[in-house]
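Accompanying notes for the structure given below.
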Amino acid sequence: MSPALTRNDPWVERFTTLERTRSQEPAWLQSCRQTAIDRFAELGLPTTRHEAWKYTNVAAIAKETFALAPADAPVAAEDLESLRVPDLDAHEVVIVDGRFRSDLAPASSTALPDGVVVGSLASALTNGDLESWLEQHPDREDLAFAALNTAFFQDGVFIRVPKNVVLDRPVHVQHWRTADDRALLATPRLVVVAESGSQLELIETYGGSGESQLTDAVSEIFVGANASVQHVKLQVESSRAWHVAAILARLERDARYASHSISLGAAIARNDIRVRFEAEGGDTTLNGLFFATGEQLVDHHTVVDHRVPHCTSRELYKGILDERGHGVFDGKVWVREQAQKTDSSQTNRNLILSRDAIIDTKPQLEIYADDVRCAHGATIGQLDADALYYLRSRGIAEAKARSLLMRGFATDVLTAIASEPLRAALERRLLERLPGALDLEGDQ
Amino acid sequence: MLTIKNLHASAGGAEILKALDLEVKSGEVHAIMGPNGSGKSTLAHVLAGREGYDVTEGHVTFDGQNLLDLSVEERACAGLFLGFQYPVEIPGVANNYFLRASLNAIRKARGEEELDAMDFLGLLKKKAALVEMDPKFLTRPVNVGFSGGEKKRNEILQMAVLEPKLAVLDETDSGLDIDALRVVSKGIESLRSPEHSIVLITHYQRLLDYVVPDVVHVFAGGRIVQSGGKELAIELEKNGYAAFESAASA
Ligand SMILES: Nc1ncnc2c1ncn2[C@@H]1O[C@H](COP(=O)(O)OP(=O)(O)OP(=O)(O)O)[C@@H](O)[C@H]1O
Ligand SMILES: [Mg+2]
């Protein structure tokens, strides 16, 4: 570690100032935070010289001086309303600029089954629930932004589903970023514990208005033995905001975890999604859909770590790039020596709609076991000329045929989402952005 | 209905259609039989307007219009239908949605009112029953995961819904078992009327037992080398194309 860097880094300085006000925090948390800021001081903000950030230049973020987003920012009712999913019966909680806002929770957020916790992370910190769950994913050492989150987070959501409890309604966490003249950092933190045999559907929507706002989110997800977590994340932040997030999941025996990452907003959106199989029989699905247009950059880095035998992973990411949009996909699948009978597939398909759009895709398999079934691949293409001809040969005008194919390309990732209202809402969000697709809406 | 005169067309630098003449009158059913690679599908795609084919000579008139001036979708709207030898899979586009978009585009071009979802569903159910198609195929993405036979049946369903003036069916009978062939033939027969014409491109005389053609053409070397009645098909099945191929290259 370079002491000079430690002294000069504004984040480290801010941490030191803040430390004095945090003396009431439990000792274990103070030590977590100290470890994290030390790690951050060592790592620094990534530059394009880092392999994992080769295509994603965060110089604009590094240049900005951020203040920590204050609590209790006022927020308009219609902004919050825009995050909701029409016709979806969900347990809804609201996070504004990284803070849990029970004062803004819709009426739907009452009546959970006995023992289920869906509440403020800050209050969970003080009542001792969190020590064994926070900062437990071993594979996070290289994540500078996640370290920053750990050093600074003030609040977020803690979800706990007790053993064998099946939540019949999804939990919808609605994140909103308010507009502000200053550049502000929000650090929402989610900790999700699905105990053995339990079942949870988790939806996260990240939206916001305003420029130069940075969201640095970390979600830690623990899926107990034979438990299931379905996780849908929709990111529709302002195209002048920055969104960096880590989703860190650990799966116990026979656990199931599905992640659907739909990334449509932000100037720069970076998601690091890491799934680690801790015991045999685990099953994960990593699906993603991203769209970048204008000057947007959207980057998904995923890691699936098969470190035990008999686990299954299925990954499908689809990207659509228009104008000067830039997509990055980097998918790593580890199959460790002891992970025999691994069954893994990974696909990244990209549709390029303009000359200036860019996709950098890198599916990577690292296999050290010999009795496994693994496949991976990536495609980059334009709309399928044969399909276009087929549609036109049935009288459908070329422009409409193109929109249909675009929608078709994108929506088959969404068919894996079981909830009809949610799928429809996601589709609509996408169609609002795809060129020429909106006049197809409601048609199907 | 369709008049082709001295049609020459090439693809990838090679001339495939060579001085092709064909006249199909309203209400007629024509069968075109010929060896592999002789240019039958090329003819079908040139009629439908697929990119990548250059028409270097000749004229095609369809229902009084110069067909070659029209875009792919305009030809479909004018009443031309091509049943694909290899129907295309379209992930993410539901079969029923696709068919309604298609029918409404064509109705609009004909100056008819578009069908709403309810009316369309009624029509679709009727036509699906005609081709004995399991309704589950209607909501699935177009041709995705369909067997070869199901894809062909889907072509006939589309034809039955769109009721084109001229249907060019490129090997719609290939790869069908006898039950499917019977159903497909029933679909084709249902279009048959004085206002509709049908061109069957086929390798098998078997289809022509069900859909008896008015005219049979032998297609070889990029053109029609002989035409006759339905007995010509029987002769071809028995003796093959050898005699005609030498005629074509002569
Ligand atoms: N786009 C193209 N570019 C280059 N060559 C082509 C193209 N399309 C067709 N051909 C060639 O033209 C010839 C005729 O092909 P076509 O598919 O029309 O034959 P066909 O009579 O339909 O054969 P089959 O009975 O096997 O279906 C073949 O040699 C084929 O390879
Ligand atoms: Mg052919």
Side-chain angles (χ1 to χ4, degrees), chain A residues 262 287 289 291 316-320 347-351 379 381-417 420 423-424 426-428 430-431 434 436-444, chain B residues 44-45 47-53 70-84 86-110 114 116-117 120 139-144 151 154-155 157-159 161-162 164 168 170:
Chain A
I262 293 100
N287 281 350
L289 175 60
F291 176 64
L316 173 62
Y317 266 76
K318 287 197 164 183
I320 305 179
T347 310
N348 169 228
R349 293 191 200 289
N350 301 287
L351 188 59
T379 61
Q382 285 132 18
L383 291 174
D384 178 358
D386 288 340
L388 203 54
Y389 168 55
Y390 190 71
L391 293 174
R392 293 176 66 198
S393 80
R394 300 302 183 246
I396 298 171
E398 183 170 1
K400 179 159 183 174
R402 282 181 179 280
S403 301
L404 265 176
L405 290 179
M406 253 186 297
R407 177 169 81 174
F409 172 84
T411 51
D412 78 340
V413 184
L414 301 177
T415 53
I417 294 169
E420 173 57 39
R423 207 172 52 234
L426 294 171
E427 195 166 303
R428 200 178 50 252
L430 176 73
L431 294 186
L434 285 184
L438 202 57
D439 41 315
L440 302 174
E441 204 201 340
D443 249 0
Q444 186 142 14
Chain B
H45 288 307
L47 293 178
R50 184 182 202 149
E51 275 172 35
Y53 295 95
L70 306 180
S71 69
V72 177
E73 55 267 39
E74 285 167 346
R75 297 179 196 203
C77 289
L80 177 72
F81 177 89
L82 169 60
F84 282 57
Y86 305 108
V88 181
E89 299 189 3
I90 308 184
V93 178
N95 214 9
N96 52 2
Y97 176 82
F98 156 63
L99 259 175
R100 182 153 81 92
S102 168
L103 179 64
N104 279 338
I106 290 172
R107 288 178 68 95
K108 208 167 155 185
R110 287 186 202 144
E114 296 185 28
D116 66 20
F120 175 72
T139 51
R140 298 219 320 222
V142 179
N143 294 328
V144 177
K151 284 180 182 168
N154 203 28
E155 295 293 290
L157 172 67
Q158 293 169 36
M159 184 196 75
V161 168
L162 301 177
V168 178
D170 191 1

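Every chain is numbered from 1 and lettered A, B, ... according to where its sequence line falls, protein lines coming before strand lines. Here the structure is a predicted model, which is why all the values come from computation and not from measurement.
- The environment of Q382(A) atom CD is sparse: at most 12 non-hydrogen atoms of other residues, nucleotides or ligands sit within 6.0 angstrom.
- Separation of atoms CG (L388(A)) and CD (E73(B)) is listed at 8.5 Å; rounding is to 0.5 Å.
- The backbone N or O of G395(A) lies less than 3.5 Å from no partner atom in the side chain of S102(B), so there is not a single donor-acceptor pair.
- The line from CG of L391(A) to CD1 of I90(B) is 4.0 Å long, rounded to the nearest 0.5 Å.
- V72(B) is linked by a side-chain contact (heavy atoms from CB on, under 4.5 Å) to Y389(A), R392(A), S393(A), counting only residues two or more places apart in sequence or in another chain.
- Cation-pi check for R50(B) over Y390(A) is not met; the charged atom does not lie both under 6.0 angstrom from the ring centroid and within 45 degrees of its normal.
- Counting only distance, with no hydrogens or angles, the side chain of R394(A) and the backbone of L82(B) share a donor-acceptor pair below 3.5 Å.
- Both the backbone and the side chain of P87(B) come within contact range of chain A, judged by heavy atoms closer than 4.5 Å.
- In this structure, the portion of E51(B) lying under 4.5 Å from any heavy atom of chain A is its side chain and not its backbone.
- N143(B) touches chain A through its side chain: at least one heavy atom from C-beta onward sits under 4.5 Å away, while N, CA, C and O do not.
- L404(A) is not listed as a side-chain neighbour of F98(B), based on a closest heavy-atom distance of 4.5 Å or more.
- Only the backbone of F409(A) comes within contact range of chain B, with heavy atoms under 4.5 Å apart.
- Of the atoms belonging to R75(B), not a single heavy atom falls under 4.5 Å from chain A.
- Applying the side-chain contact (heavy atoms from CB on, under 4.5 Å) criterion to V161(B), with sequence neighbours excluded, gives L99(B), L103(B), F120(B), L123(B), L124(B), K127(B), L157(B).
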